[in-house]
Amino acid sequence: MNKIQTIYNTIFSLYGPQGWWPLLECKGTNPTKTGSIQGYHPNDYSYPKNNAQVFEICVGSILTQNTSWSNVEKALLNLKKRNALNTKGMMQLSDGKLRELIKVAGYYNQKARYLRGFLEFFKTLKKVPSREELLNIKGIGPETADSMLLYAFKVPSFVVDSYTKRIFSYCGLIQRKATYDEIKALCEQSIEPDLKIYQEFHALLVEHAKRYYSKKPFGLNCPLKKLFL
DNA sequence: TTCCAGGCAATAC
DNA sequence: GTATTGCATGGA
């Protein structure tokens with residue numbers, strides 16, 4: 001059992017299935033989750049169920065860049081109310097209206113442009129996109145691309161975020177200067193590609209980080225740090 | 001008031 | 001190639 005697997009097993013035992021990616025249509029909450037946000041579907045890996053939900057996940061992955069999910073959820077609801085959480089509806093929005101609807105998610109000028117660019121790509125999409133294709137879209141970096149692949153397109157592509165890096169760094173698994181691709185490679189070499197495990201692992205790391213790595217001093221009382229002493 | 005949030009692109013060095 | 005900066009709202 002390698003260290004990455006040990007971390008996965010430990011936090012899965014602590015928090016259980018997370019039910020990511022949250023979708024507006026799902027009313028379920030995750031009882032072990034911090035906060036009171038809804039939209040999770042623990043133990044149900046059948047989502048997304050349709051193209052509209054694929055699109056919703058992709059839009060959410062752009063809106064949540066460096067932004068709390070509670071604000072993203074409000075923006076998604078604004079779009080939904082305007083019937084703009086689908087390709088046709090969003091294309092019909094003026095730039096001003098689009099910015100207004102997503103304003104609550106922050107960086108709204110940038111993100112409105114990013115959404116337009118993604119929309120152009122998505123509306124003619126006929127197959128599962130490659131990571132390269134996604135990275136070529138302005139506003140889609142490695143984490144957003146991997147989130148889309150893993151949660152919207154069901155490709156077992158490991159998602160690394162700032163929490164992942166922080167936790168692994170404080171647990172001594174990586175160097176502080178480790179790059180996104182290095183961390184991703186370490187994880188994908190430690191755990192064979194598996195959609196459910198990759199989906200849960202990223203969600204569990206976020207949950208764990210919210211408990212132990214969101215305020216300084218980071219890692220205080222983190223149970224994972226005791227695993228490799 | 002300050003810090004933080006499920007990053008990214010542009011720019012500086 | 002790596003480090004820094006601007007983008008922005010809302011909650012703790």
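Order of the sequence lines fixes the chain letters, A, B, ..., with proteins taken first and strands second; residue numbering starts at 1 for each chain. Note that these values count all heavy atoms, side chains included, but never hydrogens, waters or copies made by symmetry.
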Residue [X], side-chain heavy atoms: nucleotide from [options] that is nearest:
{"X": "Asn66(A)", "options": "dG7(B), dC4(B), dT9(C)", "result": "dG7(B)"}
{"X": "Pro142(A)", "options": "dG7(B), dT9(C), dC8(B)", "result": "dC8(B)"}
{"X": "Gln65(A)", "options": "dC8(B), dA5(B), dG10(C)", "result": "dC8(B)"}
{"X": "Arg166(A)", "options": "dA5(B), dA10(B), dC4(B)", "result": "dA5(B)"}
{"X": "Lys74(A)", "options": "dA8(C), dG11(C), dG7(B)", "result": "dG11(C)"}
{"X": "Tyr108(A)", "options": "dG7(B), dA8(C), dA10(B)", "result": "dA8(C)"}

* Asked: Does Ser162(A) put a side-chain nitrogen or oxygen below 4.0 Å from OP1 or OP2 of dA5(B)?
  ->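 For dA5(B), OP1/OP2 do not have a side-chain N/O of Ser162(A) under 4.0 Å.
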
At under 4.0 Å between heavy atoms, what does [X] touch on the DNA or RNA strands: base, sugar-phosphate, or nothing?
{"X": "Ile140(A)", "result": "sugar-phosphate"}
{"X": "Asn71(A)", "result": "base"}
{"X": "Ser147(A)", "result": "nothing"}
{"X": "Val206(A)", "result": "base"}
{"X": "Arg113(A)", "result": "nothing"}
{"X": "Lys138(A)", "result": "sugar-phosphate"}
{"X": "Ile137(A)", "result": "sugar-phosphate"}
{"X": "Lys215(A)", "result": "nothing"}

* Asked: In terms of the nearest nucleotide of DNA chain B, which residue is placed more toward the 5' end: Tyr151(A) or Tyr114(A)?
  ->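 It is Tyr151(A), whose closest nucleotide lies nearer the 5' terminus.
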
* Name the residue closer to the 5' end of DNA chain B, choosing between Ser68(A) and Gly139(A) according to the nucleotide with the nearest heavy atom. => Ser68(A)

* Under-3.5 Å donor-acceptor pair between Gln110(A) side chain and dC7(C) base ->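 Per atom types, the contact qualifies.
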
* To do: Show the numbers, then the answer: is there a side-chain hydrogen bond (donor to acceptor under 3.5 Å, both in side chains) between Asp181(A) and Thr179(A)?
  => CA-CA 6 Å; Asp181(A) 289 338; Thr179(A) 67; 5.8 Å; no

* Asked: Roughly how far apart are Ile102(A) CD1 and Leu76(A) CG, rounded to 0.5 Å?
  ->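 Going from CD1 on Ile102(A) over to CG on Leu76(A), the span is 10.0 Å.
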
* Asked: Between Thr67(A) and Ala105(A), is there a donor-acceptor pair closer than 3.5 Å when you use the side chain of the first and the backbone of the second?
  -> yes

* **Check: Leu23(A) main-chain N/O paired with Gln53(A) side-chain donor or acceptor under 3.5 Å** =>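 Looks like no, no N/O pair under 3.5 Å.
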
* **Side chains of Cys187(A) and Tyr198(A) in contact at under 4.5 Å (non-hydrogen atoms)** => no

* **Heavy-atom side-chain proximity of Phe121(A) to Asn136(A) below 4.5 angstrom** =>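 Phe121(A) does not reach Asn136(A) side chain to side chain.
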
* **Contact nearer the 5' end of DNA chain C, comparing Ala105(A) with Ser70(A)** => Ala105(A)

* In whole angstrom, give me the gap between the P atoms of dA8(C) and dT11(B). => 15 Å

* Asked: Taking the same atom, C1', in dA3(C) and in dA5(B), what whole-Å distance lies between them?
  -> 22 Å

* **Euclidean distance, atom CG of residue Leu77(A) to atom P of dG10(C) [Å, nearest integer]** =>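 In whole Å, dG10(C) P and Leu77(A) CG are 15 Å from each other.
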
* Nearest-Å distance for atom pair OH/P, residues Tyr107(A) and dG7(B) ->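 Rounded to whole Å, this separation is 9 Å.
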
